[in-house]
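A quick write-up on the structure given underneath.
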There are 2 protein chains.
Amino acid sequence: MESPLSPYSHCILFTSNAFARTLSKISEPFFAELGLTTTQAFLLMSIVREPGISAGKLSEELILEPSTITRALDKMELKRLIYREYSGASTIVFAGPEGTKLEKDAAAAWGKIRLYYEGRFSKEITDRWASDLDFGTASLRNDLKP
Amino acid sequence: MESPLSPYSHCILFTSNAFARTLSKISEPFFAELGLTTTQAFLLMSIVREPGISAGKLSEELILEPSTITRALDKMELKRLIYREYSGASTIVFAGPEGTKLEKDAAAAWGKIRLYYEGRFSKEITDRWASDLDFGTASLRNDLKP
DNA sequence: TCAAGTCATTTGCTTGTACAAGCAAATGAT
DNA sequence: ATCATTTGCTTGTACAAGCAAATGACTTGA
């Protein structure tokens, strides 16, 4: 019989935060090597996947507040990874040449991270966790919507 | 066939962070009503459960860096919820009368949060998620240890 | 045509978390 | 007994993320 990691180990509020913090701490160095934060890496991948994507759509896709997207794009623009254009009320975003190049490294780093945790837990298990967490997030977001 | 929430929905780095952020956003108001952050609420519960617990043990129990514990305890001490004593190299922490009283409310708020998400997802499912996330965290922390 | 409304984005401010460096007590080896 | 190392906590600094308010740009109605 294992003693629990903590008195809160049966609470998903606690365990999901602890898990996210811990996995993030392991993953960050993979992107930091490229001079990117994790959020910036995901942004870069989204922008290369869909050139001209709007800030609002990036906010939805990454499930981050618009202001967080703005700040991250500010920093990426300063480093000439991306540039913004203003299309009516919307801001649309494109990767510059350096950004397009760096995105390949970001995607590779992301691949390494997935290999890492699939090696640690197996692909079947991590796929199920991802699916559960994705479903859980979508359900909770419905409660926040109206 | 559902379209995925995002292109990252099969990645547990992404989904665990998104889930933790979303559930935290829903939970925070329950504790904020008491003038507590989520971390402070868990700290208070730990301190009342084990009077004289050391800062280091709190750090392990909440899976947060020692410096994070220090700052949170600073704020709780300012509000006279807890007090610290210095026992050799260790700092040990006790709840004051107001802290002991407020802890009951914190525990009740925590109960409401659990009711909320168990109602949303069922107890069976949330228990399994918590157990998976707890196991995952423990495994990942082994990789960070040495 | 232009004033009000609406929507997307940005800005100002706050908070939580972390790393790195420092300090003080404890431990251990000679 | 003394000195070097380790352990535990705190402080300085940095940054991601969020909320709330402000801005800017289309749209609509008089």
Side-chain angles (χ1 to χ4, degrees), chain A residues 13-14 16-29 31-32 35-43 52-79 82-93 141 144, chain B residues 13-14 16-29 31-32 35-43 47 52-79 82-93 141 144-145:
Chain A
L13 171 60
F14 180 85
S16 66
N17 273 288
F19 182 81
R21 272 198 308 273
T22 307
L23 182 53
S24 292
K25 192 182 300 193
I26 288 171
S27 303
E28 272 153 15
F31 295 123
L36 295 171
T37 65
T38 301
T39 293
Q40 289 170 359
F42 282 116
L43 278 172
I53 190 171
S54 71
K57 182 130 189 257
L58 288 168
S59 163
E60 278 179 38
E61 199 159 288
L62 298 205
I63 314 184
L64 289 171
E65 292 299 312
S67 61
T68 302
I69 303 298
T70 297
R71 318 268 188 199
L73 292 179
D74 286 346
K75 287 180 184 145
M76 295 169 78
E77 198 162 31
L78 270 179
K79 295 163 79 179
I82 57 114
Y83 58 95
R84 280 180 268 204
E85 283 180 5
Y86 299 88
S87 162
S90 286
T91 297
I92 60 179
V93 193
R141 280 166 63 74
L144 289 170
Chain B
L13 172 60
F14 180 85
S16 67
N17 274 286
F19 182 80
R21 272 197 309 273
T22 308
L23 182 53
S24 292
K25 192 182 301 192
I26 289 172
S27 304
E28 271 152 17
F31 296 123
L36 294 172
T37 66
T38 301
T39 294
Q40 288 170 1
F42 281 116
L43 277 172
I47 293 162
I53 189 172
S54 71
K57 182 129 189 259
L58 288 168
S59 163
E60 277 178 41
E61 200 158 286
L62 298 206
I63 314 186
L64 288 171
E65 293 298 313
S67 61
T68 302
I69 303 298
T70 297
R71 316 269 188 198
L73 292 179
D74 286 347
K75 286 177 186 146
M76 294 168 77
E77 198 162 31
L78 269 178
K79 294 163 78 180
I82 56 114
Y83 60 94
R84 283 181 266 205
E85 285 181 6
Y86 299 89
S87 160
S90 286
T91 297
I92 59 178
V93 192
R141 280 166 64 74
L144 290 170
K145 269 291 175 56

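Computed over heavy atoms, backbone and side chain alike; hydrogens, waters and symmetry mates excluded. Letters A, B, ... are given to chains in the order of the sequence lines, protein chains preceding strands, and every chain is numbered from 1.
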Check for a donor-acceptor pair, side chain of B:S87 on one end and backbone N or O of B:S90 on the other, with a separation under 3.5 Å.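 Answer holds: no.
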For A:L73 and B:S90, take the nucleotide of DNA chain C holding the closest heavy atom to each; which residue's nucleotide lies nearer the 5' end?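 Result of the comparison: A:L73.
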Could you say whether A:S87 or A:R71 is positioned toward the 5' end of DNA chain D, judged by the nucleotide with the nearest heavy atom to each?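 Whichever sits nearer the 5' end wins; that is A:R71.
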Here's a test of your reading of the structure: between B:I69 and A:G88, which maps to the more 5' nucleotide of DNA chain D?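 Going by which nucleotide is closer to the 5' end, it is B:I69.
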Output all residues satisfying side-chain hydrogen bond (donor to acceptor under 3.5 Å, both in side chains) with A:K75, sequence neighbours left out; order by chain, then residue number.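 Per chain and number, A:K75 pairs via side-chain hydrogen bond (donor to acceptor under 3.5 Å, both in side chains) with no residue.
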For A:S24, which residues count as a side-chain hydrogen bond (donor to acceptor under 3.5 Å, both in side chains) partner, sequence neighbours excluded?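 So A:S24 forms a side-chain hydrogen bond (donor to acceptor under 3.5 Å, both in side chains) with B:N17.
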Need one value for [X]: base, sugar-phosphate or nothing, where a base atom within 4.0 Å counts as base even if backbone is also close, heavy atoms only.
X	value
A:K75	sugar-phosphate
A:S54	sugar-phosphate
A:S67	base
A:T70	base

For A:L64, check side chain to side chain contact (heavy atoms under 4.5 Å, CB included) against everything at least two apart and list the hits.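 Checked A:L64 against side chain to side chain contact (heavy atoms under 4.5 Å, CB included); matches are A:T39, A:L62, A:T68, A:I69, B:R21.
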Who pairs with A:E77 by salt bridge (Lys or Arg N to Asp or Glu O under 4.0 Å), at least two apart in sequence or on another chain?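 Checked A:E77 against salt bridge (Lys or Arg N to Asp or Glu O under 4.0 Å); matches are A:R84.
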Of residues 16-26 of chain A, the positions that come close to DNA chain C - non-hydrogen atoms, cut-off under 4.0 Å: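 By residue number: A:R21, A:K25.
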Contact boundaries on DNA chain C for chain A, cut-off under 4.0 Å to non-hydrogen atoms: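 Counting from the 5' end, contacts occupy C:dA8 to C:dC19.
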B:K57 NZ to B:I47 CD1 distance, which is reported to the nearest 0.5 Å: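 Between B:K57 NZ and B:I47 CD1, I get 12.0 Å after rounding to 0.5 Å.
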Quick one: pull up CD in B:E85 and CD1 in B:I92 and give me the separation to the nearest 0.5 Å.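 Output value for this atom pair is 5.0 Å.
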With side chains defined as the heavy atoms from C-beta onward, is the minimum distance between A:V93 and A:M76 less than 4.5 Å?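 They are not in contact (no side-chain heavy atoms under 4.5 Å apart), so the answer is no.
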